[in-house]
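One structure is given below, encoded as structure tokens.
Scope of the values below: all heavy atoms of this structure, side chains included, with no hydrogens, waters or symmetry mates.
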Amino acid sequence: MTKSTQTWFRRMHFILFVSAFFIFIHKITSLLYTQDEFFKATYIYYRNIITNKSLLLPFIAIYCCLFGVLLINKFKKKAEIFVTICIITGILLWRYPQILQTLTPYYEYFLLVIAMMIFIALVIEKTRKLLRKAVWKLAIWSVIIAVYTTIFFEVLIQKTDAVFLIESYWFELKASVYALKTVTDPLAFGYFVLLVVTIYVSLIKSLIFHIKRSREKETVPSKLPPVGVVIPAYNEENTILQTVNSVLKAKNVSEILIVNDGSKDKTLPLLLEVFNMRPVHKEKAMNVVKTKEIIGVYRSLTFPHLYVVDKVNGGKHDALNAGFQMLSKNIDYVANIDADVLLKEDSVTVLLQDMVRKKAIAASGLVLPKETNKFSILQKIQTLEYLTAFHISRAAYALTNNLMIISGAFGMFERVALVAVRGYKPTIGEDMFLCMELQNRRCKLLYVPDAVIYTAAPLSLKDLKIQRVRWFKGLMESLLRFKNFARNRMAFAYLEFFFVEFLTPLMLPFGTILLVCRPEILTNPFFLICATILIASYFLQLIVAIIIECKYRRGFINLSHILTFLTLPLYAVMTLVWRNDAYLDRSSRKWGSITKSL
């Protein structure tokens, strides 16, 4: 099964599950009105099964299949095992139709025993230390199995022909959606209010941030501490030379360390040849966290402060950890930048001055896409997206010291802070994870819009999807790891990330089903007003971000960027679909390679 086929399979399965969830909720709410008969009917149903020997054996087999679904996560080929179990279950049900006929009148009560079996299976599978995680699995699997058993047992009994089966399911889905509109409509409106309020609060906070910054008296420290630049590189032969040349021109850089993380292309030979490198002996200045083996260290004869560390591949976090530990002992600040960026000459100095003046532990600059093709609409859309993310969102969080991410493309840290948290962790979004660890220690983090770096933007939709899926997986990992943020001073920022960034993609299939089943919503004046306000708020964010950028730098934004506005709603929906893909493929830590150029 190809990756694209797996993606579409997951999408269709997710939509099917959401639609079945609507029917399930409708049936459960209906069941509440007849709860007095619950235990009596359950007892009668299972007594009939147990006393009927011809049904007992296949019935146990079906339960074993449901139990097998729980253990799918123990294997790598999850989809194939799931399909196999479904086929076995289908054959058993086809061979013994009496089970379905007996089950149909009481299929809702069937859920009680399923939930009990799942609980028993999870308790057996997990140890006491992992019991908390087992409870989460219990809840998830209970919902999944309950939804499918509630819906499809009855549908399969009523119709055997495929066309009629689909029709009966469709009519039941529409009936459930209409029956639940007294619940779904207030929830949808509440979520709309949440999104709009979040947008305007971020706008107001970002404007306050930029106004305060414009009124600050810039006092340049008399003496700036030494800064070391760490550049992790893996298969970066297309961009590494341009990046290193831009860093060599930067001011106030005492040492540059390129960490070649086991590249399989010509990254290392290019660096050794172009910068006239020779092997040297250089020990780690500190040994805070273990890293993969260092193969060799090289120093440039042309630029004595330029080093290349060649090591065994261990991932970006491992390369960054090796880098800050290999810097010389006198280096107090570490600037981490990607190997596909162009650094402005004064960016390191501007970032360092702000950190020293405001006594901050870490700081992030402004990252903008390098538009290599002036006719590329995709790159211009990314430019507007970056401006909104940094000038609005990052600025709003930085105002109240709630910044939860310092971009891995360009960030500066006090070296002692990296030592205190024992470096980067082996996560997908190592940059966000590190910042949330620092926020856990009540550190001060800055956003400095005057320090600019240009990054290589994806040139195709395929590469853009790979990048966005990876980012969202990193976001999920960090939010789920630091759930305590919902109860401390970071609560507002955390909940905003959770409800807007984390949950919005999940709302997409729910909203789609609502619109498909109730198309008259599209002509409802109230819905049209809400949709107009939401879209207008989105465009207002972009306009404000562009105005702010023009106040800092003129000439970067032009008329061609404004003309791409009409494509932004489509782009927003597309990114939501990709985030859904990240949800459905969250266990995978592989995302492929991206074609880059500067």
Side-chain angles (χ1 to χ4, degrees), residues 206 209-210 212-214 216-232 243-257 305 320 323-324 327 330-370 386-387 389-391 393-395 397-399 401-418 424 430-432 434-435 438-439 443-455 548-549 551-553 556:
S206 64
F209 170 85
H210 292 292
K212 283 182 67 176
R213 184 166 182 82
S214 65
E216 284 180 357
K217 293 181 180 179
E218 295 187 5
T219 55
V220 180
S222 57
K223 186 179 180 182
L224 292 174
V227 178
V229 176
V230 176
I231 309 173
T243 299
V244 175
N245 283 323
S246 70
V247 178
L248 287 169
K249 296 175 184 176
K251 301 173 183 176
N252 209 67
V253 175
S254 302
E255 191 172 320
I256 304 169
L257 205 106
H305 66 306
L320 290 167
F324 88 81
L327 289 170
N330 66 313
I331 301 296
D332 297 325
Y333 287 80
V334 181
N336 294 324
I337 70 170
D338 283 346
D340 57 354
V341 301
L342 295 177
L343 187 67
K344 287 188 70 176
E345 287 185 18
D346 63 340
S347 291
V348 172
T349 305
V350 171
L351 212 57
L352 184 60
Q353 286 176 351
D354 264 48
M355 287 184 67
V356 173
R357 186 169 63 248
K358 298 179 180 178
K359 298 179 181 180
I361 294 297
S364 168
L366 171 64
V367 181
L368 291 174
K370 175 68 175 174
Y386 274 70
L387 287 175
F390 280 88
H391 283 328
S393 299
R394 302 281 173 91
Y397 292 132
L399 179 68
N401 191 29
N402 287 335
L403 200 62
M404 290 206 295
I405 181 169
I406 288 180
S407 176
F410 183 33
M412 188 178 291
F413 302 86
E414 268 195 16
R415 199 175 186 180
V416 292
L418 295 175
Y424 289 86
E430 67 285 324
D431 46 3
M432 185 175 187
L434 174 70
C435 292
L438 293 173
Q439 286 288 14
C443 297
K444 188 174 184 179
L445 277 62
L446 301 178
Y447 164 56
V448 185
D450 302 289
V452 185
I453 197 167
Y454 298 95
T455 184
I548 292 171
E549 175 60 21
K551 292 289 288 182
Y552 284 109
R553 284 162 293 277
F556 184 72

Could you tell me the separation between the [atom1] atom of [X] and the [atom2] atom of [Y], rounded to the nearest 0.5 Å?
X	Y	atom1	atom2	value
R213	I548	CZ	CD1	12.5 Å
I256	I231	CD1	CD1	6.5 Å
S364	D431	OG	CG	9.5 Å
N336	L320	CG	CG	5.0 Å

Are [X] and [Y] close enough that some pair of their side-chain heavy atoms sits under 4.5 Å apart?
X	Y	answer
K551	H391	no
P449	F209	yes
L445	M404	no
L403	C435	no
L399	S206	no

Next on the checklist: Please evaluate residues R553 and E549 with respect to the criterion salt bridge (charged side-chain N to carboxylate O under 4.0 Å, His left out), reporting the C-alpha separation (whole Å), side-chain torsions for both, the decisive distance (0.1 Å), and the verdict.
Outcome noted: CA-CA 6 Å; R553 284 162 293 277; E549 175 60 21; 2.9 Å; yes

Can you give me the closest heavy-atom contact between [X] and [Y], atom names plus distance?
X	Y	result
M355	A363	CG-CB, 3.5 Å
H305	V253	CD2-O, 4.0 Å
N252	P225	ND2-O, 3.7 Å
F390	L366	CB-CD1, 3.4 Å
K444	N401	CA-OD1, 3.7 Å

Please report, to 0.1 Å, the donor-acceptor pairs under 3.5 Å made by any side chain of residues 405-418, with sequence neighbours excluded.
unit_1 : atom_1 : unit_2 : atom_2 : d
S407   : OG     : A409   : N      : 3.2
E414   : OE2    : Y333   : OH     : 3.4
R415   : NE     : F324   : O      : 3.1
R415   : NH1    : S328   : O      : 2.6
R415   : NH1    : I331   : O      : 3.2
R415   : NH2    : F324   : O      : 2.8
R415   : NH2    : L327   : O      : 2.8

Distance-only check: which donor-acceptor pairs under 3.5 Å involve side-chain atoms of residues 339-348, not counting sequence neighbours?
unit_1 : atom_1 : unit_2 : atom_2 : d
D340   : OD2    : K596   : NZ     : 3.2
S347   : OG     : V452   : N      : 3.1
S347   : OG     : V452   : O      : 2.6

Checklist entry - With sequence neighbours left out, what residues match K359 under side-chain contact (heavy atoms from CB on, under 4.5 Å)? => result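 So K359 forms no side-chain contact (heavy atoms from CB on, under 4.5 Å) with any residue.
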
